[in-house]
Amino acid sequence: MEKECIFCNIINRKLPSEFLYEDDTVVVFKDIHPRAPIHLLIVPKKHIRSINDFGEDDKSIVLDTIDIAKMMAVKTGISRSGFKLLFNVEKGGGQVIFHLHLHLMGGWRR
Ligand code: AMP
Ligand code: ZN
């Protein structure tokens with residue numbers, strides 16, 4: 001855990017947030033500035049900076065985020081209509097919070 005990391009502080013309940021899902025490795029909460037009707041963040045509990053930084057031992061954690069995203073898409077009713085999954089990587093890739101997280105976005109009318 002990193003003291004100054006917003007997501008570590010949310011995971012450790014030092015900052016308020018409502019978890020839509022939690023297990024031993026991952027939490028899910030709503031993005032505070034949603035850019036889609038459904039916009040969730042799937043966040044590993046382990047502090048990993050970005051997709052550039054996960055090691056051999058962390059591969060299953062990254063797969064878990066995708067698995068949980070699929071499950072949350074079903075749960076929120078956007079699985080069949082479709083959704084986007086997005087990892088922003090480092091500043092050039094739009095990452096602003098340097099704790100690995102997967103965006104799940106969907107629910108647009110198309
Ligand atoms: P990224 O650009 O991939 O680093 O995305 C970080 C996301 O975290 C942004 O979409 C923010 O809106 C979101 N965010 C920042 N602070 C919070 C918070 N306290 N609770 C929920 N989402 C947050
Ligand atoms: Zn962190």
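Counting starts at 1 for both ligands and their atoms, following the listed order. Quick note: numbers below take in every heavy atom, side chains included, and nothing from hydrogens, waters or symmetry partners.
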Legend entry - Opening angle between SG in C8 and SG in C5, taken at the Zn ion (ligand 2), to 10 degrees: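 Once rounded, the angle between the two atoms at the Zn ion (ligand 2) is 120°.
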
Legend entry - Minimum-distance N/O/S atom that H99 presents toward the Zn ion (ligand 2):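 Considering only N, O and S atoms, H99 comes nearest to the Zn ion (ligand 2) through ND1.
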
Legend entry - H47, N/O/S atom nearest the Zn ion (ligand 2):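 When I compare the N, O and S atoms of H47, ND1 is nearest to the Zn ion (ligand 2).
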
Inset, instruction - Test side-chain hydrogen bond (donor to acceptor under 3.5 Å, both in side chains) on D23 and T25 and set out the steps. - result: CA-CA 6 Å; D23 65 20; T25 45; 3.3 Å; yes

Short N or O contacts of ligand 1 with protein, under 3.5 Å, listed by atom name?
residue, atom, partner, partner atom, Å
ligand 1, 2 (O), N88, ND2, 3.4
ligand 1, 2 (O), G94, O, 2.8
ligand 1, 2 (O), V96, N, 3.4
ligand 1, 3 (O), N88, ND2, 2.9
ligand 1, 3 (O), H101, NE2, 2.7
ligand 1, 3 (O), H103, NE2, 2.8
ligand 1, 4 (O), V96, N, 2.7
ligand 1, 4 (O), I97, N, 2.9
ligand 1, 4 (O), H101, NE2, 3.2
ligand 1, 5 (O), H101, NE2, 3.1
ligand 1, 5 (O), H103, NE2, 3.3
ligand 1, 10 (O), D31, OD1, 3.2
ligand 1, 10 (O), D31, OD2, 2.5
ligand 1, 10 (O), R35, NH2, 2.1
ligand 1, 12 (O), D31, OD1, 2.5
ligand 1, 22 (N), I32, N, 3.1

Legend entry - Under-4.0 Å salt bridge between E22 and R13: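 Yes.
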
Inset, instruction - Sequence neighbours left out, what passes side chain to side chain donor-acceptor pair (under 3.5 Å) with T65? Give chain and number order. - result: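 Not a single residue meets the side chain to side chain donor-acceptor pair (under 3.5 Å) criterion with T65.
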
Legend entry - For F7, ring pair (Phe, Tyr, Trp, His ring centres under 6.0 Å) partners two or more places apart: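 Here the qualifying residues are F29, H101.
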
Legend entry - All pairs passing ring pair (Phe, Tyr, Trp, His ring centres under 6.0 Å) where residues 76-99 contributes a residue, at least two apart: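 The answer is H47-H99.
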
Legend entry - Donor-acceptor under 3.5 Å (E90 side chain, G92 main chain):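 Looks like no, no N/O pair under 3.5 Å.
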
Legend entry - Under 3.5 Å: donor-acceptor pair, side chain of N12, backbone of C8: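 Answer holds: yes.
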
